[in-house]
Amino acid sequence: MKLATQTTVKTLGDYAYQAIQKHFKKTLKWEKSVKKDEDPEALHQMRVGMRRLRTAVTRFGLAIDLPKPISDKNIGKIARRLGNLRDLDVLKESLENNYKPNLPHKEQESLQTAFNALAKQREDVALSVQKTLKDESYKSLKEALDKWLDKPTYQPLASITIQQVLPDLLLPEVSNFLLHPGWLIGTQLVEAEIKIQKNWEPEKIEKQLTTQGEILHSLRKEAKRIRYQMELFTDLYGESYGAYMTEVKNIQEILGTMQDSAVLTDWLEKVFKSEIKTELPTLASLLTENRYQSWQQWQPLQERYLKADTRHSFHLTILHPLSGVIN
């Protein structure tokens with residue numbers, strides 16, 4: 001059973017094959033450039049390819065029969081190594097483009113200490129990536145994927161039509177997303193109704209993010225998971241599905257901006273071995289303002305997704321894929 005043409009894609013097995021093939025090809029496309037460490041964009045694309053490959057392998061696991069090297073653990077380890085390097089590139093990019101131009105001369109000079117530390121750290125992590133792309137687990141993953149794509153093997157569920165099982169595949173993901181405790185941060189229960197606490201001062205938001213930031217970061221990861229999963233099936237749904245996918249992406253990006261800002265603050269405090277307010281007061285206030293603005297963008301989406309109507313409508317959208325032949 002092997003994927004023939006786009007028009008014949010209609011079983012769960014076909015979709016599994018197509019997703020694995022697509023993301024494996026994307027990963028390989030950027031590998032050479034990443035090995036040479038010549039382009040931050042190549043690293044970003046390869047990391048995304050690996051993450052999406054991991055999503056495809058884990059989410060379609062019930063329909064496909066994969067050899068041992070193609071495991072969630074193995075792909076996850078490689079993706080994390082690429083991710084560690086990419087995170088440092090994002091940090092540098094953010095400091096250089098978003099913050100440095102807005103700092104007084106004295107703080108721009110102080111920032112050079114951070115850039116030097118970043119360059120040294122990046123050198124070590126880049127070596128770890130090179131090693132990962134040469135080691136046996138990566139080679140065996142590639143070989144196993146090549147062989148499986150050439151002669152795929154499936155489990156019985158693979159032969160069921162995609163429309164028949166699609167809601168069952170996606171609804172657990174939607175439930176995990178909507179039941180995440182991150183939605184309740186900055187809310188209170190008033191007569192059995194969840195109310196968003198609005199008009200907080202920046203100090204209160206900072207305090208909340210200090211104590212609850214990890215939970216919001218976890219919700220961001222959940223948003224990313226469901227987005228990757230939903231993107232596998234865009235051709236099987238209509239406009240409502242696309243609108244939910246866009247909102248999930250917005251949630252992921254807004255929470256990501258908050259998290260990146262917090263990570264940057266922590267990292268700078270480690271480099272300077274003091275509170276960032278002491279060394280870089282202008283930068284500290286810019287980072288606080290950045291988190292404040294992100295919080296303002298987050299709250300309307302939080303409010304919307306805490307409403308029963310929104311959640312119900314999301315479930316109904318997933319329950320009704322387009323029927324008929326896929327072209």
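The model shown is predicted, which means the values in this text are computed figures rather than measured ones.
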Heavy-atom pair with the smallest gap, counting every atom of [X] and [Y]:
X	Y	value
I20	A56	CG1-CB, 4.0 Å
A223	I251	CB-CG2, 4.4 Å
T132	Y138	O-CB, 3.3 Å
G49	K26	CA-CD, 4.2 Å
P69	S140	CB-O, 3.7 Å
M50	I75	O-CG2, 3.5 Å

Please check this pair: side chain of [X] against backbone of [Y], looking for a donor-acceptor N/O pair closer than 3.5 Å.
X	Y	value
T310	R304	yes
T58	D72	no
T210	E206	yes
S159	P156	yes
D65	T153	no
T113	S110	yes
Q155	I64	yes
Q108	L103	yes
T55	R51	yes
W183	Q302	no

Hydrophobic cluster identity match, [X] and [Y], side-chain contacts under 4.5 Å:
X	Y	answer
V190	I196	no
L85	L127	no
V48	V248	no
I162	L319	yes
V90	L264	no

Hey, are [Y] and [X] close enough side-chain-wise for a donor-acceptor pair under 3.5 Å?
X	Y	result
T11	D14	yes
R227	Q252	yes
Q293	Q297	no
E303	Q299	no
S294	T257	no

Do the side chains of [X] and [Y] get close enough for a salt bridge, i.e. N-O under 4.0 angstrom?
X	Y	result
E173	R225	no
D146	K142	no
E31	K35	yes

- Option among N290, D266, L286 that satisfies the side-chain contact (heavy atoms from CB on, under 4.5 Å) test with S261: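 Per the side-chain contact (heavy atoms from CB on, under 4.5 Å) rule, the option paired with S261 is N290, out of N290, D266, L286.
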
- Checking side-chain contact (heavy atoms from CB on, under 4.5 Å) against L43, which of L88, D37, L82 comes through?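 Of the listed options, the one satisfying the test is L82.
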
- Query: Parallel, tilted or perpendicular: which fits the ring planes of Y305 and F177, with parallel below 30° and perpendicular above 60°?
  - Reply: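 Taking F177 first and then Y305, their aromatic rings stand perpendicular (interplane angle over 60°).
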
- Item | Aromatic centroids of F60 and Y15 separated by under 6.0 Å |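 No; F60 has its ring centre 6.0 Å or more from that of Y15.
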
Taking the side chain as everything from C-beta on, heavy atoms only, tell me whether [X] gets closer than 4.5 Å to [Y].
X	Y	answer
L255	H217	no
V263	D87	no
P202	R291	no
F272	I276	no
F115	K100	yes
L280	E107	yes
Y241	I318	yes
K147	P67	no

Mind checking the [atom1]-[atom2] spacing from [X] to [Y]? Nearest 0.5 Å is all I need.
X	Y	atom1	atom2	result
L268	S274	CG	OG	10.0 Å
W148	Y17	CH2	OH	7.0 Å
R81	L133	CZ	CG	10.0 Å
H320	S240	NE2	OG	11.0 Å
D260	L91	CG	CG	8.0 Å
L179	N176	CG	CG	7.5 Å

- E201 atom CD: more than 12 heavy-atom contacts under 6.0 Å: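 No, not enclosed.
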
- Q112 atom CD, neighbour heavy-atom count above 12 within 6.0 Å: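 More than 12 within 6.0 Å, yes.
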
- Message: Does T282 form a side-chain contact (heavy atoms from CB on, under 4.5 Å) with N102? I'd like the steps, not just the answer.
- Response: CA-CA 8 Å; T282 315; N102 303 308; over 6 Å; no

- Using the side-chain contact (heavy atoms from CB on, under 4.5 Å) rule, take Y99 and L111 through it: C-alpha gap first, then chi angles, then the decisive distance, then the call. CA-CA 10 Å; Y99 296 107; L111 215 51; 5.7 Å; no

- Task: Check W295, Y292, W298 against W200 for a ring-ring contact (aromatic ring centres under 6.0 Å, His included) and give me the one that passes.
- Result: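 Among W295, Y292, W298, the one meeting ring-ring contact (aromatic ring centres under 6.0 Å, His included) with W200 is W295.
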
- Query: Taking it one step at a time, do L216 and R220 satisfy side-chain contact (heavy atoms from CB on, under 4.5 Å)?
  - Reply: CA-CA 6 Å; L216 278 175; R220 175 214 187 173; over 6 Å; no

- Dump the intermediate steps for side-chain contact (heavy atoms from CB on, under 4.5 Å) on T288 and E203, then the final yes or no. CA-CA 9 Å; T288 302; E203 294 77 20; over 6 Å; no

- Message: If we check salt bridge (Lys or Arg N to Asp or Glu O under 4.0 Å) with E231, which of these qualifies: R59, R52, K224?
- Response: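 Testing E231 for a salt bridge (Lys or Arg N to Asp or Glu O under 4.0 Å) against R59, R52, K224 leaves exactly one candidate, R52.
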
